[in-house]
Amino acid sequence: MRKLTLISMALMMGLMMLVSCKKDKDNNDGKTVFYANIESGNQGRTHLDPDFLSGEAQVLWSAGDKIKIYNGNGESQVFTLKSGANTTNAVFTFAGEFELVPPYVAVYPYTTEVDLDEGHVYYNVPAVQNITQPGTFAQDANPMVAYAEDENLQFTSLCGGLGIQLYGDGAHVTSITIEDPWDRLNGEFWAAYDDPDFQNESGSEGTQMITLTCDVMLPASASEAAAFYAVLPPNTLRPGVAVKIYDGDYQIGEIYVVEGHGAQVYRNLIKYFSPVEITILDNHEEVDLGLPSGLRWATCNIGANTPEEYGDYIAWAEVYPKDEYTEATYLFPNYNPTVLEPENDAATIRWSYGWRMPTKEEWQELYSNTTVTWTQQNGVNGRLFTASNGNSLFLPAAGYRSNISLDYEGSGGYYWSSSLYTGTPNNAWLLYFNSEYYLMNYYYYRYYGRSVRPVRSAQN
């Protein structure tokens with residue numbers, strides 16, 4: 001696998017391939033032979049040089065690649081790569097009967113559909129693209145088409161790419177998502193096979209997200225950043241598009257297309273993001289209260305740096321604080337899971353590393369297995385949960401936010417659980433306390449801003 005950086009080298013390789021192709025034609029064992037060349041530039045599958053990050057990567061054929069060829073009679077057969085792996089020029093053969101009647105339409109991958117009557121090729125952009133090696137596209141992810149009057153096929157790409165470059169000492173990446181709130185990113189699209197720049201969406205269903213799956217430990221420096229390539233249909237990535245990086249279920253990084261910027265994805269080109277550092281730093285302390293479940297509790301609220309700080313006020317299923325907490329500003333009025341999913345769990349998204357919001361039952365386990373007292377800690381009112389092992393947990397009476405006001409600051413604590421109150425789905429369970437009592441069967445509107453105290457299991 002190598003890069004061709006000089007025109008003279010490219011011409012030399014072309015001459016060598018013509019000689020090689022002639023030898024193959026003379027020694028094809030009675031098979032039908034076609035010669036397939038990939039256009040220059042950044043393009044899709046079969047694979048890219050994984051060491052090349054400058055934006056001029058060239059796609060090469062891979063061993064085992066297959067293409068489907070249609071002849072002028074509308075008959076088609078699947079041809080298999082015979083020679084030319086790791087180059088742009090390859091020989092494909094078919095051992096059965098195939099009439100050499102031009103013109104020819106050829107597609108990669110061979111599962112791509114062609115409508116000869118309409119002059120269209122219907123290609124699929126996969127919603128899940130498995131990256132087996134950084135610096136390459138997923139197998140069969142990025143389609144190409146060729147239209148020719150003879151056996152020399154010039155393949156052109158139908159899609160573009162998004163290049164995501166990541167680094168971070170000790171960071172592990174298992175998936176990357178590209179989420180577009182405006183346009184469909186996967187599913188079926190179509191193009192004119194004799195003019196690939198003329199294309200559009202088809203009517204088939206698809207979603208607004210692409211997921212790259214992988215298993216990669218990131219390098220430590222930006223100069224060695226690992227490149228992940230997502231195949232995308234030609235499109236404009238407008239403000240609001242988000243790239244999210246995950247290790248398992250936990251988000252460890254994100255890149256946003258922000259207001260005033262955009263990223264145009266062109267056919268046969270890769271749009272690169274600058275290298276992004278993924279910092280692995282879990283500086284959130286926990287306490288072991290000897291609970292039957294072994295659950296560990298964080299020592300401070302989300303948005304706080306000490307146990308006494310109030311921290312952020314967050315609506316249920318939302319992730320970040322905001323200026324106004326009303327029914328009109330609530331983002332998820334129709335989201336009704338029994339327990340919050342990771343992508344709507346503020347602790348999981350904000351802290352990662354196994355942190356999440358406690359369930360109703362886990363709050364009950366906490367106060368059923370500790371001595372609970374109303375007290376002051378460093379001048380802040382709150383409840384202290386003291387375990388039999390001598391460890392304790394302090395929850396400040398941070399109050400809650402409704403509309404634009406802060407209510408019951410210093411006199412009441414309101415802490416979300418991840419459990420929905422199914423009797424009235426616009427409510428969720430929370431722990432409430434004041435100086436006189438504490439109870440779990442207190443539920444109230446989900447759109448109010450409450451405190452969040454994360455938990456995680458002992459193995460995390």
Side-chain angles (χ1 to χ4, degrees), residues 177 179-182 208-209 239-246 249-259 284 297-298 300-305 309-360 362-363 395-396 398-409 412-432 440 442-456:
T177 63
E179 303 172 26
D180 189 335
W182 311 103
Q208 293 163 271
M209 184 169 73
V241 171
V243 176
K244 299 180 181 180
I245 301 98
Y246 294 87
D249 291 331
Y250 308 115
Q251 184 179 334
I252 61 174
E254 59 191 14
I255 310 166
Y256 284 96
V257 178
V258 297
E259 196 66 40
H284 306 293
W297 284 76
C300 64
N301 293 342
I302 285 183
N305 295 311
E309 287 184 38
Y310 292 161
D312 292 339
Y313 300 88
I314 302 171
W316 196 81
E318 294 186 9
V319 175
Y320 297 100
K322 54 190 180 182
D323 295 330
E324 185 176 351
Y325 296 83
T326 64
E327 191 170 7
T329 65
Y330 185 48
L331 298 179
F332 301 104
N334 299 316
Y335 175 67
N336 295 314
T338 303
V339 176
L340 282 176
E341 297 167 305
E343 58 267 29
N344 287 91
D345 188 313
T348 300
I349 297 301
R350 298 276 296 276
W351 284 15
S352 300
Y353 311 109
W355 292 108
R356 57 179 176 79
M357 287 170 59
T359 64
K360 170 178 178 279
E362 287 165 342
W363 276 114
L395 300 180
Y400 71 90
R401 287 198 175 275
S402 63
N403 205 321
I404 59 174
S405 65
L406 175 59
D407 302 324
Y408 299 103
E409 176 188 7
Y414 301 79
Y415 285 78
W416 281 128
S417 79
S418 60
S419 303
L420 183 74
Y421 178 64
T422 55
T424 309
N426 63 342
N427 294 347
W429 289 99
L430 56 78
L431 173 71
Y432 166 71
M440 194 63 231
Y442 192 94
Y443 48 89
Y444 215 62
Y445 297 129
R446 290 162 36 174
Y447 56 82
Y448 282 0
R450 317 285 191 179
S451 301
V452 174
R453 180 61 63 95
V455 297
R456 65 178 174 184

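All residue numbers in this chain count up from 1 along the given sequence. Just so we're clear, the structure is a prediction, and the values are computed from it rather than from any experiment.
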As an exercise, state the distance from [atom1] of [X] to [atom2] of [Y], rounded to the nearest 0.5 Å.
{"X": "Tyr447", "Y": "Glu318", "atom1": "OH", "atom2": "CD", "answer": "12.5 Å"}
{"X": "Ile245", "Y": "Thr177", "atom1": "CD1", "atom2": "OG1", "answer": "8.0 Å"}
{"X": "Leu430", "Y": "Lys360", "atom1": "CG", "atom2": "NZ", "answer": "11.5 Å"}
{"X": "Leu406", "Y": "Tyr310", "atom1": "CG", "atom2": "OH", "answer": "8.0 Å"}
{"X": "Tyr415", "Y": "Leu431", "atom1": "OH", "atom2": "CG", "answer": "8.5 Å"}

| side chain to side chain contact (heavy atoms under 4.5 Å, CB included) between Trp316 and Arg450, intermediate numbers included | CA-CA 8 Å; Trp316 196 81; Arg450 317 285 191 179; over 6 Å; no
| query | Where does the angle between the aromatic ring planes of Tyr414 and Tyr408 fall among parallel (under 30°), tilted (30 to 60°) and perpendicular (over 60°)? | reply | tilted
| Parallel, tilted or perpendicular: which fits the ring planes of Trp355 and Trp351, with parallel below 30° and perpendicular above 60°? | perpendicular
Closest heavy-atom contact between [X] and [Y]?
{"X": "Trp416", "Y": "Tyr445", "value": "CH2-O, 3.4 Å"}
{"X": "Pro239", "Y": "Trp182", "value": "O-NE1, 2.9 Å"}
{"X": "Ser417", "Y": "Met357", "value": "O-CE, 3.4 Å"}
{"X": "Asp407", "Y": "Ser402", "value": "OD2-OG, 2.8 Å"}
{"X": "Ala347", "Y": "Pro454", "value": "CB-CB, 3.8 Å"}
{"X": "Gly354", "Y": "Arg456", "value": "O-CB, 3.1 Å"}

Any side-chain heavy-atom pair from [X] and [Y] closer than 4.5 angstrom?
{"X": "Val241", "Y": "Asp180", "result": "yes"}
{"X": "Glu309", "Y": "Asn301", "result": "no"}
{"X": "Tyr335", "Y": "Leu340", "result": "yes"}
{"X": "Arg350", "Y": "Ile314", "result": "yes"}

| query | Stepwise, does the side chain to side chain contact (heavy atoms under 4.5 Å, CB included) test hold for Glu324 with Asn403? | reply | CA-CA 5 Å; Glu324 185 176 351; Asn403 205 321; 3.8 Å; yes
| So Asn336 and Arg446, side chain to side chain contact (heavy atoms under 4.5 Å, CB included) or not? Walk me through it. | CA-CA 11 Å; Asn336 295 314; Arg446 290 162 36 174; 2.8 Å; yes
| said: Please check: side-chain N/O of Tyr313 versus main-chain N/O of Ala398, any donor-acceptor pairing under 3.5 Å? | reply: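 Checked: pair present.
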| Polar side-chain atom of Gln251 near backbone of Ile349 as donor-acceptor pair, under 3.5 Å |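 Looks like no, no N/O pair under 3.5 Å.
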| In terms of side-chain heavy atoms, does Asp345 have a donor or acceptor partner in Ser418 at a distance below 3.5 Å? |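 No pair is found: no donor N or O on one side chain lies under 3.5 Å from an acceptor on the other.
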| request: Answer yes or no on whether Arg401 is positioned over the face of Tyr325, meaning its NZ or CZ is under 6.0 Å from the six-membered ring centre and within 45° of the axis. | output: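 No, Arg401 does not lie over the aromatic ring of Tyr325.
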| request: Show your working on side chain to side chain contact (heavy atoms under 4.5 Å, CB included) between Glu327 and Asn426 and close with a plain yes or no. | output: CA-CA 10 Å; Glu327 191 170 7; Asn426 63 342; 5.7 Å; no
| field | Heavy-atom neighbours of Glu341 CD exceed 12 at 6.0 Å | value |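 Enclosed.
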